[in-house]
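To start, the structure under review is shown below, and the notes come after it.
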Amino acid sequence: MSHRSERSADTAKSLDDRTDSVDSATEVFVAHRNLLFTVAYEMLGSAADAEDVLQETWLRWVGVDLATVRERRAYLVRITTRQALDRLRALGRRKESYVGPWLPEPLLTAPDVAEDVELAESVSLAMLLVLETLAPVERAVFVLREVFGVEYEEIAGAVDKSPAAVRQIAHRARAHVAARRPRGAVSPDESRAALKAFQTAVETGELQDLLDILAPDVVALSDGGGVKHALLQPIVGADKVARLLAVGWWNRDAERKVEQVQVNGGPGLLVRINGEIDGVVAVRVDNGYVTGFYHVRNPEKLSHVDRETAVSR
């Protein structure tokens, strides 16, 4: 065989090996994609940014020699976490100039997500808002440890801290979240019943019916991103929120269609005006009362509510 033929054979073998490696990397990545998306989304509260993080994770993953990776799931989670942390810090700067309250980007989720109570709570808008009060590394540690059960040593590698430091951060984040998370577990049936009563009261505009379903310390938040009409400040208190909903929020003259859907692991409302998606409503329910009302209208945050998004852990 000539030297040229040998070189051609070597090149062909190298290309075949590279193709096999990419195929193997793709197979592993696809197998863990929903998990990685959920990790990134819970860290960022933004599906669009989570998708960008997955793209960056893939570009790094495909260049890794798989023969050197002992725990592929852990390695992928580490890459995703590091990329999400970088993105989270950039998001923080963007939120400083955001018009009005910033709400997480809602997702339509499959009904079976609600059956995994811990997962459903972790992706709920109420919990994502609690996670917004954590520092970036605290949020990463809490999500990895409390939601996905990642070992401290693995988290340490993902956030560039010692295992001892990670344990302290986890303890601090756990206490912080515990003081702010929903006060008690609510079954899907209870949530649906509360949402239905809430929807009926809003549609009829009956002030007393609204007061009957709203908790005294209910908080209403809406996010228009400076593009759509929305509240510029949170509204607190049953009387104020009831009056807002009774006379100001629900435009009964528009051709409005409201559909009950699964939003972030729990019951929610998808609102269409003249056939176009106008917003998503989610509520936080504690002890049968609505304690949080979240209305997302920013068009940039509605791209993932025309189809189900798979989340897993």
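One is the number of the first residue; the rest follow in order along the sequence. Worth knowing before you read on, the calculation uses all heavy atoms, side chains too, and leaves out hydrogens, waters and symmetry mates.
- Shown here is Lys161, whose NZ atom has no more than 12 heavy atoms of other residues, nucleotides or ligands within 6.0 Å.
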For this session: Evaluate the criterion side chain to side chain contact (heavy atoms under 4.5 Å, CB included) for residue pair Val281 and Val258; output intermediate values, then yes/no.
Result: CA-CA 10 Å; Val281 173; Val258 181; over 6 Å; no
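- The two residues Leu129 and Pro104 come nearest to each other via the heavy atoms CD2-CD, 3.8 Å.
- Minimum interatomic distance between Leu54 and Ala40 (heavy atoms only, all atoms of both residues): CD1-CB, 4.4 Å.
- Rounding to the nearest 0.5 Å gives a distance of 7.5 Å between CZ of Arg174 and NE2 of His171.
- The two atoms that bring Pro111 and Gln262 nearest to each other are CA-CG, 4.1 Å, heavy atoms only.
- In terms of modelled atom types and a separation under 3.5 Å, the side chain of Trp58 and the main chain of Phe29 share no donor-acceptor contact.
- Side-chain N or O atoms of Ser222 include none that pairs as donor or acceptor with a backbone N or O of His295 at under 3.5 Å.
- For the pair His229/Arg297, a side-chain contact is recorded, criterion being any heavy-atom separation below 4.5 Å from C-beta on.
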Problem set entry | Stepwise side chain to side chain contact (heavy atoms under 4.5 Å, CB included) test for Val99 and Leu232 | CA-CA 7 Å; Val99 178; Leu232 293 179; 4.1 Å; yes
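- Side-chain contact between Leu85 and Arg89 is present, with at least one heavy-atom pair separated by less than 4.5 Å.
- Remark: Asp212 engages no residue in a salt bridge (charged side-chain N to carboxylate O under 4.0 Å, His left out) (not counting sequence neighbours).
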Contacts table for residues 132-145: side-chain donor-acceptor under 3.5 angstrom, sequence neighbours left out:
residue: Glu132; atom: OE1; partner: Lys95; partner atom: NZ; Å: 2.7
residue: Glu132; atom: OE2; partner: Lys95; partner atom: NZ; Å: 3.0
residue: Glu132; atom: OE2; partner: Arg139; partner atom: NH1; Å: 2.7
residue: Thr133; atom: OG1; partner: Val130; partner atom: O; Å: 2.5
residue: Thr133; atom: OG1; partner: His176; partner atom: NE2; Å: 2.7
residue: Glu138; atom: OE1; partner: Ala135; partner atom: N; Å: 3.1
residue: Glu138; atom: OE2; partner: Arg172; partner atom: NE; Å: 2.8
residue: Arg139; atom: NE; partner: Glu42; partner atom: O; Å: 3.0
residue: Arg139; atom: NE; partner: Met43; partner atom: O; Å: 2.9
residue: Arg139; atom: NH1; partner: Met43; partner atom: O; Å: 3.4
residue: Arg139; atom: NH2; partner: Glu42; partner atom: O; Å: 2.9
residue: Arg145; atom: NH1; partner: Val150; partner atom: O; Å: 3.1

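- How far OG of Ser312 is from CG of Leu36: 8.5 Å, rounded to the nearest 0.5 Å.
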Exercise. Do Leu35 and Val77 pass the side chain to side chain contact (heavy atoms under 4.5 Å, CB included) test, and can you show the C-alpha distance, the side-chain angles, and the key distance before you say yes or no?
Worked result: CA-CA 8 Å; Leu35 163 72; Val77 168; 4.2 Å; yes
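- Side-chain atoms of Pro267 and Glu190, non-hydrogen and from C-beta on, never get closer than 4.5 Å to each other.
- Tyr75 OH: 12 or fewer foreign heavy atoms inside a 6.0 Å radius.
- Heavy atoms of other residues, nucleotides or ligands lying less than 6.0 angstrom from CZ of Arg70 number 12 at most.
- Heavy-atom minimum distance, Ser162 versus Ala156: C-CB, 3.9 Å.
- By the 4.5 Å heavy-atom criterion applied to side chains, Glu121 and Arg181 are counted as neighbours.
- A distance of 13.0 Å separates CG of Asp160 from CD1 of Ile155, quoted to the nearest 0.5 Å.
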Exercise. Given Leu231 and Leu244, is the side chain to side chain contact (heavy atoms under 4.5 Å, CB included) satisfied, shown in steps?
Worked result: CA-CA 10 Å; Leu231 301 172; Leu244 166 76; 3.9 Å; yes
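- In this structure, the side chains of Gln83 and Leu59 stay at 4.5 Å or more apart for every pair of heavy atoms.
- Rounded to the nearest 0.5 angstrom, Phe148 CZ and Thr38 OG1 are separated by 5.5 Å.
- By the side chain to side chain contact (heavy atoms under 4.5 Å, CB included) test, Ser303 pairs with Glu105, sequence neighbours left out.
- Heavy-atom contacts from other residues, nucleotides or ligands closer than 6.0 Å to CD of Glu153 number more than 12.
- Contact annotation: the side chain of Leu44 approaches that of Arg87 to within less than 4.5 Å [non-hydrogen atoms, C-beta and beyond].
- The CZ atom of Arg73 sits 13.0 Å away from atom CZ of Arg78, with the distance rounded to the nearest 0.5 Å.
- Around CD of Glu27, the count of heavy atoms belonging to other residues, nucleotides or ligands within 6.0 Å does not exceed 12.
- Shown here for Leu302 and Pro106, the closest heavy-atom pair between the two residues is CD2-CG, 4.4 Å.
- Listed by chain and residue number, Arg33 satisfy the side chain to side chain donor-acceptor pair (under 3.5 Å) test with Glu51 (two or more places apart in sequence, or in another chain).
- Hydrophobic clustering (ILVMFWY, side-chain heavy atoms < 4.5 Å, transitive): Leu214 and Tyr289 are in distinct clusters.
- Residues Val219 and Arg284 have side chains not in contact (no heavy-atom distance under 4.5 Å, counting atoms from C-beta outward).
- Contact annotation: the side chain of Val28 approaches that of Leu76 to within less than 4.5 Å [non-hydrogen atoms, C-beta and beyond].
- Contact between Val218 and Gly292 at its shortest, heavy atoms only, is CG2-N, 4.0 Å.
- Note that CG of Asp49 is 11.5 Å distant from OH of Tyr41, once rounded to the nearest 0.5 Å.
- Trp102 shares a hydrophobic cluster with Tyr98; the chain of contacts runs through ILVMFWY side chains whose heavy atoms sit under 4.5 Å apart.
- The environment of Phe37 atom CZ is dense: over 12 non-hydrogen atoms of other residues, nucleotides or ligands sit within 6.0 angstrom.
- Lys301 places a side-chain N or O within donor-acceptor distance of the main-chain N or O of Leu103, the cut-off being under 3.5 Å.
- Arg82 and Asp86 are not joined by a salt bridge, as no carboxylate oxygen comes within less than 4.0 angstrom of a charged side-chain nitrogen.
- Residue Leu211 shares its hydrophobic cluster (ILVMFWY side chains chained together at separations under 4.5 Å) with Leu207.
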